[in-house]
Amino acid sequence: MKKTALWATILLVVLSMAACGSNNSNNASGTNASTASGQAAGKEQIKFYTFKANNPDEPIYKAVQAYNQSQDKVEVEYVSLVQNSNSTDFVKKLDIMIGSGEVIDVFMTGNEDEVLERASRGVVEPLNAYFDKEKVKPEDEYTKLVKFDNQIYGLLTSSTQWLTVFNREHLEKAGLKLPEMGWTWDDFRDYAKKLTVDGHYGTYFHTWGEYANVIAYTERPNPQLDADLNPIFDDPSFKYFFELRREMEEKDKSVEPYADVLASNYHVLQQFFAGNASMLAVPSYVVRAGLNLQKFPHDFQMVYAPIPQSVDSKEVGMTNISGAPIAIGAKSKHKEAAYNFVRWMSKESSKYTNDVPAYKGADGAAMIKDFYKDNQNLIDTESLTKTLFDPRIKVPNAFSVPYGSELKTIVENGFSSYMLNHLSFDEVKTTMTNEVKKVVDANK
C-alpha cells in the first residue's frame, strides 16, 4: 500500500520538528504518562498509548492495572497522549512520535479508519501470524475484526452496534408499540410522523456521513465502494435515503431541518436527551451516554429496537458493528508480549469499562444485567438485551480502506449540497462519484 500525498507532507513536517530537537521523546513527547501499577523488576516492559485519560477513575486505566496485576512476565506502562480524550488529536501526536523514530508497542484509537490509515503506511503489525501460532481462528472469536487485504490489524475492545433508541414516554403517549426486527425505513418514517407533536420532532438526523444513508453502513460491505473499489452511488439505497431525508423534513415536518442542525453544531445525542426528538437511529454508545446526567440531563427511560432494514431487504438482522480498536506497532521489540496484552484487553477490559465486547465468548445478557442493574429507571435492559443479542443479527462481509474518512467527507459534502442547494440526486451523485474515483486512483 502506498503512502498518500497527505502523509508525505505530514512526514516532512514531522522530520523538521524532530530536527529542531526535543528532550521529551522518552516521556511521550512531554505529555502526561504513567505506569499503571509500577515497573516490576524482571518483567518485560511495553508501552500502551491511548487517548483515554491518565486517571485512576478511567475505565481503560483500570483495565490496564488489572492486566498488570494478573501478569508475572509483562508490565504495561499506560501513556495518555492528550488531555481532552480526543482520538483525532491523539493520532496526530502519535504520528509525530512515529515520524520522529519513537517505537510504539501498543496503541488504541477511536475508530477502525484511524488504525487502517496507519496500517497503509506500514506502521501497524498484522496479527494473522499470531493467531496462527495460537491455533485460533479469529472469526470464531470476534463479531468484528479490523481487516484490510485479508490482514488483521487490530482487535476491538468494545462492540458498538447500530440500533434505534426511543423515549419511552413519547412512544407510549403516541400509542405505538416498540418495533420488532424486520421493520423498515418506511416504517421508521411513519413512526416519526406519529411521534411528532408540538414541542418535539419524531426523530433527529445528524450531519455525519452515516446519516446520509444509514443503509449503506448497516447493509453494505463498504458504505462507498464495491469490491473492485468502484463508487456504489448507483445503489438504490442512496437515492432512496436522500429522498427520504428531504421528504421527512419538507413534507412530513417530522425532523429538524438540516440547515438548522448544521448551524447549531449539536452533539449527536443532544436533541434526543433534551426531549426534542422521540427516537434516534444511532450506535449503541447512546446507552452509556444516557447515564451521564451531567452532560445529558433527562429523566425518561430509554427503550431499544433494531435498526430499520431497507424496504427491499431479503433478510433481517443486518447492522453495523464498530468500536475502539487496539493495535501493535510494526517496530515494537516486544510483539509477543504486546499480542498477549491486546488479546487480554479484547476479552477482559469490558469488565472494567462496562462496554459490550466484540469477543464472542462473553455472556452479553449477563453483562447487560450487571452493568445496568442500578439504572433501570433510565435503561430498559430487557429491550436492550433483545436488540443487541438477537440470534438473527448479521454483519455484512465488510471491508475497509485506509482512506475511508476521505470518502465519508465526500458523501457529507454531497448530501449537504443536496439539502441546502436543493439539487437533484443525480447531480450530487455525479459529483460524489467523480470525487471518490479521484481518491481511489490517488491511493492505488
Side-chain angles (χ1 to χ4, degrees), residues 14 18 22 24-54 58 60-82 87 89-110 112 114-131 133-134 138 145-146 151-157 323-349 352:
V14 167
S22 172
N24 297 320
S25 61
N26 292 325
N27 189 30
S29 299
T31 59
N32 193 15
S34 73
T35 303
S37 59
Q39 295 288 349
K43 287 188 176 183
E44 187 173 2
Q45 311 291 328
I46 62 175
K47 288 186 177 182
F48 168 55
Y49 296 89
T50 178
F51 60 96
K52 298 294 185 177
N54 179 18
E58 162 58 46
I60 289 292
Y61 185 98
K62 292 179 180 179
V64 174
Q65 284 183 313
Y67 173 81
N68 283 335
Q69 291 167 4
S70 72
Q71 299 297 305
D72 57 6
K73 296 181 180 179
V74 181
E75 184 79 10
V76 176
E77 181 180 347
Y78 184 102
V79 186
S80 178
L81 290 187
V82 293
S87 66
D89 291 345
F90 164 78
V91 293
K92 289 178 182 177
K93 290 194 174 184
L94 189 74
D95 286 343
I96 290 174
M97 292 175 62
I98 294 171
S100 61
E102 188 85 15
V103 175
I104 305 299
D105 292 317
V106 182
F107 66 96
M108 177 183 183
T109 67
E112 298 165 52
E114 289 173 339
V115 168
L116 293 176
E117 286 172 9
R118 279 135 201 95
S120 72
R121 305 166 193 159
V123 300
V124 183
E125 178 77 0
L127 302 181
N128 300 57
Y130 300 91
F131 279 108
K133 185 176 180 180
E134 196 181 352
L145 295 161
V146 182
Q151 293 292 312
I152 301 167
Y153 287 103
L155 301 179
L156 300 182
T157 55
I326 186 167
I328 298 173
K331 292 186 178 181
S332 172
K333 297 178 181 179
H334 309 281
K335 291 176 183 175
E336 290 289 348
Y339 175 74
N340 179 278
F341 173 61
V342 166
R343 279 280 275 160
W344 188 95
M345 289 289 286
S346 71
K347 295 191 287 185
E348 303 292 337
S349 65
Y352 307 92

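Not measured: the values here are computed from a predicted model.
- With values rounded to the nearest 0.5 angstrom, K331 atom NZ is found 11.5 Å from E102 atom CD.
- In this structure, N128 and Q151 approach most closely via the heavy-atom pair OD1-OE1, 3.2 Å.
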>> Could you go through F107 and V91, starting from their C-alpha distance and side-chain angles, then the distance that decides it, and tell me whether this counts as side-chain contact (heavy atoms from CB on, under 4.5 Å)?
In response: CA-CA 9 Å; F107 66 96; V91 293; over 6 Å; no

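- In this structure, OG1 on T109 lies 9.5 Å from CD on E117, to the nearest 0.5 angstrom.
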>> Please determine whether side-chain contact (heavy atoms from CB on, under 4.5 Å) holds for the pair F51 and K93, giving the CA-CA distance in whole Å, both sets of side-chain angles, and the decisive distance to 0.1 Å.
In response: CA-CA 10 Å; F51 60 96; K93 290 194 174 184; over 6 Å; no

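- F90 CZ to D95 CG: the interatomic distance, rounded to the nearest 0.5 Å, is 9.5 Å.
- Between T50 and Y61 the shortest side-chain heavy-atom distance does not fall below 4.5 Å.
- With K43 contributing its side chain and Q71 its backbone, the two residues share a donor-acceptor pair below 3.5 Å.
- Counting heavy atoms from C-beta outward, V74 and F341 have side chains that stay 4.5 Å or more apart.
- Among all heavy-atom pairs drawn from Y352 and W344, the shortest one is CE1-CH2, 4.0 Å.
- Put simply, OG on S70 and CD on Q65 are 12.0 Å apart, with the number rounded to the nearest 0.5 Å.
- When Y153, Y339, Y130 are each tested for a side-chain hydrogen bond (donor to acceptor under 3.5 Å, both in side chains) with E125, only one passes: Y130.
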> Does the side-chain contact (heavy atoms from CB on, under 4.5 Å) test come out yes or no for V123 and I104, once each step is laid out?
Replying inline: CA-CA 9 Å; V123 300; I104 305 299; over 6 Å; no

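- Rounding to the nearest 0.5 Å gives a distance of 11.0 Å between CZ of F48 and CG of N68.
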> Passes side-chain contact (heavy atoms from CB on, under 4.5 Å), I60 versus M345? Steps please.
Replying inline: CA-CA 9 Å; I60 289 292; M345 289 289 286; 4.2 Å; yes

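- Between E336 and K133, the closest side-chain pair of non-hydrogen atoms falls below 4.5 Å.
- The two residues G122 and A330 come nearest to each other via the heavy atoms O-CB, 3.5 Å.
- Heavy atoms only, all atoms of each residue included: S332 and I328 are closest at CB-CG2, 4.5 Å.
- N340 and Y67 form a side-chain donor-acceptor contact under 3.5 Å, judged by distance and modelled atom types alone.
- To the nearest 0.5 angstrom, L145 atom CG is 9.5 Å from E112 atom CD.
- Here the shortest heavy-atom pairing between I152 and P138 reads CD1-CG, 3.4 Å.
- S346 is not listed as a side-chain neighbour of T157, based on a closest heavy-atom distance of 4.5 Å or more.
- Closest heavy-atom contact between I46 and D105: CA-OD2, 3.4 Å.
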